[in-house]
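As the structure is a computational prediction, the values presented were derived from the model and not from experiment.
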Amino acid sequence: MRPLFRYLRPYRTQLIPVVLASALEMCFNAQIPMSVKLMIDRALLGHNAHMAMLILGALVASTVVVSVTSMARDYLYVKVVSGIVFSLRQRMFEHLQDLSMDFFARNEVGDTMSRFSNDVAALENGLASGVSWGLQPLMDLLLSAALVFTLEWRLAALGILLCPICVLGPRIFARRATQASVAKQEEESRIMSSLQETLIAPALVRAFNLQSSIIEKFRAKNRLLLGAGIRLGFMTALMERSASFGTLFLQAVVMAISGYLAFRGVITIGTFAAFQALFVSLSYSFMYLAQYTPNLINAGGGLIRIEEILHQQPKVSDAPQAADASLPPPVEMRDVTFSYSGKTPNLDGVNLRIERGASVAFVGPSGCGKSTVLNLLLRFYDPDAGAILYNGADIRGVTQASLRARTAVVLQESFLFNTTVRENIALGRPDATDEEIADAARAAEIHEVVMSLPDGYNTMAGERGSRFSGGQRQRIAIARAVLKNPSLLLLDEATSALDAVSEHAINATLEKIARGRTTVSITHRLSSVVNMDCVYLLNRGRLMEKGPHRELLGAGALYAELWRKQTGVSIGAGGDEKATVDAAWLAELPVMEGVRHETLEELAQWFSTETIPEDRTIVQEGDPGNCFYILVRGTAEVTRQEEGEAGRTVRLAKLHDGDYFGEMALLSDEPRNATVRTLTECVCLSLMRDLFNRLLSREPELKEHFRIAAEARAGAELFPSRDREGVVPTGAGCQPAGDW
């Protein structure tokens with residue numbers, strides 16, 4: 001009860017009439033046994049019919065007065081509870097906008113949504129029934145304890161027969177209460193949808209400083225829910241009050257009948273008095289209190305979960321004397337070290353400088369720290385050591401709002417809110433005119449597509465932008481960034497989810513709009529960094545190589561190796577033609593080492609091209625292995641079911657262009673020991689074991705070669721260092737082995 005009282009304390013003044021009305025009802029409940037005493041002492045024993053009529057008249061008048069004051073009390077209390085829930089929900093939402101990105105990384109969206117829905121509802125239910133099911137029965141119980149007597153069974157039977165009177169009122173108000181309940185659920189659904197969109201795209205909200213605007217939109221929807229909550233609460237209270245009114249009316253009827261029976265001598269006067277006291281005071285008090293206890297328990301549990309969010313503190317916050325960011329750059333990273341887990345560093349002692357107006361790219365294997373660089377540049381996180389400087393000023397000394405007002409980001413997943421195209425683009429600058437929005441769309445080469453729609457810029461984007469294709473969503477996101485006119489443009493795998501044709505077109509657009517701006521691109525696809533001023537190669541969180549593409553290619557180190565891996569597989573012009581693999585690329589596979597070049601050239605012709613949609617399983621753990629795959633374009637993930645922990649799936653790796661899997665399936669029929677599932681649409685080259693066996697049958701000398709290779713690979717690691725270095729996230733808690 002004590003935590004609940006904390007939320008009631010600010011409403012002390014509004015609660016005074018509620019308590020006074022409850023006290024008045026308590027006095028009325030005590031009036032009934034007192035009326036019994038008067039009926040016995042003065043009316044019945046004295047055979048005074050006039051006195052009996054006065055007593056019954058006073059009870060009827062008191063019933064009317066108490067019913068009116070009680071309904072007013074219920075309305076006032078509903079307003080108090082609805083106000084508490086409104087303020088609490090608004091406080092939670094605003095607090096979420098202040099939390100850092102680490103909170104969203106640690107917490108599931110469904111859990112956070114549950115705290116807004118189930119836990120707030122449990123608290124609301126516990127508070128809403130606090131007077132009717134808690135305070136009032138407790139007060140009645142304390143005053144009526146001395147009035148408990150033995151029940152006379154005939155009068156009890158009479159009371160039970162007359163109980164249907166109590167349900168007349170609820171039947172009258174039931175339909176309107178149901179309608180009010182449906183209306184409130186609809187408002188809750190709308191507000192939860194708004195919340196879900198915000199939780200799904202926290203990076204977008206912060207990158208474009210949308211906190212204030214979405215808070216105001218949420219406040220408007222929250223006010224609608226406030227009104228629906230008041231209506232439902234009052235209708236529910238009317239149902240409960242009408243039932244109470246029926247009960248009170250029943251008491252008056254039973255008193256009149258039992259008084260008449262006592263007056264005629266059918267029952268004793270003592271039996272009459274005992275029945276009235278019990279019927280009035282104890283028939284409901286214990287029942288209400290017992291039924292209210294689970295509500296208190298649920299409310300207390302919900303409040304604990306709610307306060308867990310409210311007690312969260314942002315790890316990234318503005319310094320007390322923070323100034324506005326001074327941009328444009330140069331941007332510097334000085335000895336930057338950072339770790340998400342606090343154990344293994346995701347960036348380790350990184351030093352670099354990005355000049356004003358330069359175009360740079362960060363590349364490297366998955367898990368090397370590319371996206372971490374972007375998170376730090378946007379100040380979603382702060383470095384554990386070292387510093388990031390914008391124009392010579394430490395990023396921690398400027399306000400987050402001013403920093404993000406001068407930067408724009410195009411994310412890998414182009415999230416669109418379920419509103420108009422105009423409003424989605426205007427997120428970059430809410431005060432932009434229609435002409436400025438159209439100019440930004442023209443720059444992103446999406447204006448003509450929008451104008452071809454029946455509603456033009458008023459077209460609703462649909463849930464998560466479902467009205468548009470992936471390339472169109474990306475162009476709308478680019479228009480949003482262009483409208484912001486940023487000094488620093490950040491691209492996070494902006495084309496990784498697109499097909500070859502869309503990727504080429506989007507890259508051309510990005511190259512055009514990046515002119516004159518400092519541009520930082522995070523990518524795994526090296527073909528998009530050829531014309532960059534500088535390329536930074538990260539591996540295991542460390543900066544390994546830097547320089548223009550030609551310089552890195554000539555160095556013959558890891559960058560050149562990654563380039564060979566990606567350029568050894570390709571898709572023909574147009575994006576829909578056959579994918580191919582070079583014999584030289586095949587020669588670098590461990591199992592193909594020593595195979596004649598002519599044989600590899602022939603083998604390369606036997607690969608088939610497969611286009612696999614997003615979120616599809618390519619190979620399933622435990623299935624027979626009979627095919628070797630090369631990922632030509634797209635992104636996939638490798639997962640494995642942990643032994644001894646049923647249902648727990650561990651992510652082992654993320655695969656990109658040029659990665660391969662299943663080479664051991666060419667040599668043996670052992671089952672797959674991991675699952676590979678597409679994250680985007682993927683184009684793969686596949687080679688079936690049956691075709692491979694044709695080669696072995698035609699060239700017997702290769703059988704011995706591959707037998708030795710199979711034995712050598714039987715105990716090898718899942719990811720050869722040649723092409724898997726850094727793919728497995730450090731600290732993943734697994735030691736992968738074997739071939740999948």
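When every heavy atom of Ala23 is checked against every heavy atom of Met139, the shortest pair comes out as CA-CE, 3.8 Å. Scanning all heavy atoms of the two residues, the minimum distance from Phe415 to Arg480 falls at O-NH2, 3.2 Å. Arg651 and Leu679 get closest at one heavy-atom pair: NH2-CD1, 3.5 Å.
Among the candidates Lys654, Glu681, Glu493, the single residue satisfying the side-chain contact (heavy atoms from CB on, under 4.5 Å) test with Thr635 is Lys654.
Residues forming a side chain to side chain contact (heavy atoms under 4.5 Å, CB included) with Ala432 (at least two apart in sequence, or on another chain): Arg429, Glu436, Ile437, Leu483. Every residue two or more places apart in sequence or in another chain that forms a side-chain hydrogen bond (donor to acceptor under 3.5 Å, both in side chains) with Thr617 is listed here: Arg677. Considering only residues two or more places apart in sequence or on other chains, Arg396 meets the side-chain hydrogen bond (donor to acceptor under 3.5 Å, both in side chains) condition with Asp394. Residues forming a salt bridge (Lys or Arg N to Asp or Glu O under 4.0 Å) with Arg219 (at least two apart in sequence, or on another chain): Glu94, Glu216. The side-chain hydrogen bond (donor to acceptor under 3.5 Å, both in side chains) test applied to Thr678 returns no partner, not counting sequence neighbours. Looking at residues two or more places apart in sequence or on another chain, you find no ring pair (Phe, Tyr, Trp, His ring centres under 6.0 Å) involving Phe86. Residues passing the side chain to side chain contact (heavy atoms under 4.5 Å, CB included) test with Asn346, sequence neighbours excluded: Ser339, Tyr340, Thr372. Not counting sequence neighbours, Asp384 has no partner by the salt bridge (Lys or Arg N to Asp or Glu O under 4.0 Å) test. Remark: Arg379 pairs with Asp318, Asp382 by the salt bridge (Lys or Arg N to Asp or Glu O under 4.0 Å) rule, at least two apart or across chains. A search for side chain to side chain contact (heavy atoms under 4.5 Å, CB included) contacts involving Arg9 returns Arg6, Arg12, not counting sequence neighbours. Checked against salt bridge (Lys or Arg N to Asp or Glu O under 4.0 Å), Glu614 has no partners two or more places apart in sequence or in another chain. Applying the side chain to side chain contact (heavy atoms under 4.5 Å, CB included) rule to Pro17 yields the partners Leu76; only residues at least two apart in sequence or on another chain are considered.
Ring geometry, Phe218 versus Phe116: the interplanar angle exceeds 60°, so the pair is classed perpendicular (tilted spans 30 to 60°).
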